[in-house]
Amino acid sequence: KKKMNFTDAVILVMGCTSAFSVVICVIVVTIVTLLGLCKHFMYRLATYQVVGALLMNVATGLAFLSYAGLSSRGPTCPVIAFVNVYFTWIKLLLTLGMTVHVFSYVVYRKSLAYLEWFYVAFSVLVPLLFSWVPFVTHNYGQDNLGCFINAPNTTSALHRDGIIEEYSIYYGPLLILMTLDMVTITGMAIYVKRRSLTHTSSVMSSSLNNPYEAHRQGLLYFSPLLAYPMLFFVIILFPCLLNLLHVLGVQTNKWLTLVMVMLLASAGWIAGAILSAHLCCVRTYMKRETVPFEIEQRTPLVEDSRSER
């Protein structure tokens, strides 16, 4: 009987964790829908993040199937590679869009719920403009851990083209855009901290009629949303850095590969856990308030998009 090597074990872990993540995402999205929370813009933003993570883990699950030999031959492998790139880009744009919405509320106190249709359409359609390119150049194919943009370990022109496409279509934009996203989040945190210190002495009443108090409570509702881009940044940081070291010819520890695979495959269940914790925190906070906090009336960020029109 053939003994399982380290790569086989890593791929098996990726497949099992991906399946678990998909199940958790489906359960959480179903609960949010059944509770009627999708009528609130804030919860829709969070649900989009869970759906994006779900798509990513569908892609990692397909990568497991391709490595297992169930779909690695013929035209199927390039299609799986395309799905991997396309779904990751959807998650990236959903994350960046959510940061824009939160930034608008923090800095300008304005909800962008009326742009929700554009936010979703942009995230789904824009990746189609360039994710098809490796089909034309025949660079979608079998990689070390499944189907991806193929950059074999040779000095051929195909190898150079594969590396260029990997970094121009996938790794480069992921790392640059998410780094800018984290800089934006850090700036928002500093802005909120300085603003709270500035108005501490002037805010004498906890009444929601006070604009600063209402805004402060609104911040408590949207702040858990910032966990999603932080999570995604950590998840994509490992594959970006490991691939860069590989291209530069630097030997990396095999356990780092396991960490990378675990993070990618865990995106879904962690996102689902964040949303579940978000719901519990909001409910607990509302019960402790002496003045009822009406989400859809007091916090512009979570108003229904229809009320914006």
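For the pair Ser18 (side chain) and Met14 (backbone), a donor-acceptor distance under 3.5 Å is present. Between the Tyr167 side chain and the Leu244 main chain, a donor and an acceptor come within less than 3.5 Å of each other. Listed for the Lys91 side chain is a donor-acceptor partner under 3.5 Å among the backbone atoms of Gln49. In terms of modelled atom types and a separation under 3.5 Å, the side chain of Asn57 and the main chain of Ser21 share no donor-acceptor contact.
Taken from CZ in Phe238 to CG in Leu258, the straight-line distance is 11.0 Å, to the nearest 0.5 Å. With rounding to the nearest 0.5 angstrom, the SG atom of Cys240 is 12.0 Å from the CD1 atom of Ile235. Atom-to-atom distance recorded for Met262:CE and Thr257:OG1 is 13.5 Å, nearest 0.5 angstrom. The structure places OH of Tyr171 at 9.0 Å from CG of Leu242, a figure rounded to the nearest 0.5 Å. Here the OG1 atom belonging to Thr60 is positioned 10.0 Å from the CD1 atom belonging to Ile11, to the nearest 0.5 angstrom. A distance of 3.5 Å separates CG of Asp181 from OG1 of Thr99, quoted to the nearest 0.5 Å.
A single hydrophobic cluster is not seen to contain both Val234 and Leu180; linkage of ILVMFWY side chains at heavy-atom distances under 4.5 Å, directly or through other members, places them apart. Linking Ile, Leu, Val, Met, Phe, Trp and Tyr whenever their side-chain heavy atoms come within less than 4.5 Å leaves Leu34 and Leu54 in two separate clusters. In this structure, Val133 is a member of the same hydrophobic cluster as Val136, with clusters built from ILVMFWY side-chain heavy atoms closer than 4.5 Å. Note on Val85 and Ile176: separate hydrophobic clusters, where clusters join Ile, Leu, Val, Met, Phe, Trp and Tyr whose side-chain heavy atoms are under 4.5 Å apart, directly or indirectly. No chain of hydrophobic side-chain contacts below 4.5 Å, direct or via other Ile, Leu, Val, Met, Phe, Trp or Tyr residues, connects Val183 to Leu226.
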Are Leu279 and Val32 close enough, and set up right, to give a side chain to side chain contact (heavy atoms under 4.5 Å, CB included), and what steps lead you there? CA-CA 9 Å; Leu279 294 175; Val32 170; 4.2 Å; yes

Please test Thr184 against Phe103 for side chain to side chain contact (heavy atoms under 4.5 Å, CB included), starting from the C-alpha separation and ending with a verdict. CA-CA 8 Å; Thr184 302; Phe103 179 84; 4.0 Å; yes

Before giving the answer on side chain to side chain contact (heavy atoms under 4.5 Å, CB included), spell out for Met42 and Leu45 the whole-Å C-alpha distance, their side-chain angles and the decisive distance to 0.1 Å. CA-CA 5 Å; Met42 178 183 67; Leu45 285 177; 5.7 Å; no

Report the C-alpha separation of Asn243 and Tyr170 in whole Å, then their side-chain angles, then the decisive distance to 0.1 Å, and conclude whether the side-chain hydrogen bond (donor to acceptor under 3.5 Å, both in side chains) test is met. CA-CA 11 Å; Asn243 186 270; Tyr170 193 82; over 6 Å; no

Evaluate Cys25 against Val51 for side chain to side chain contact (heavy atoms under 4.5 Å, CB included), listing each step before the verdict. CA-CA 7 Å; Cys25 286; Val51 171; over 6 Å; no

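Looking only at side-chain heavy atoms (C-beta outward), Met56 and Ile90 stay at 4.5 Å or farther from each other. At a threshold of 4.5 Å between non-hydrogen side-chain atoms, the residues Leu92 and Thr88 do not count as touching. When side chains are defined from C-beta on, Phe232 counts as touching Leu174, because their heavy atoms get closer than 4.5 Å. Looking only at side-chain heavy atoms (C-beta outward), Leu225 and His278 come within less than 4.5 Å of each other.
The nearest pair of heavy atoms linking Thr30 to Val26 is OG1-O, 2.6 Å. Minimum heavy-atom separation, Val28 to Ser276: CG2-OG, 3.9 Å. Heavy-atom minimum distance, Pro134 versus Ser131: CD-O, 3.6 Å. Minimum heavy-atom separation, Ala53 to Gly268: CB-CA, 3.8 Å. Smallest separation of non-hydrogen atoms from Tyr43 and Leu37: CB-O, 3.4 Å.
In this structure, Lys110 fails the cation-pi test against Tyr105, since its NZ or CZ atom is not both closer than 6.0 Å to the six-membered ring centre and inside 45 degrees of the ring normal.
For the side chain to side chain contact (heavy atoms under 4.5 Å, CB included) criterion with Tyr119, the lone passing option out of Leu112, Leu94, Leu93, Leu96 is Leu94.
Trp89 and Phe130 have perpendicular rings, their planes meeting at more than 60° on a 0 to 90° scale where under 30° would count as parallel. Below 30°, between 30° and 60°, or above 60°: for Phe82 and Tyr86 the angle between ring planes is below 30°, a parallel geometry.
No side-chain donor-acceptor contact under 3.5 Å links Glu165 and Tyr140.
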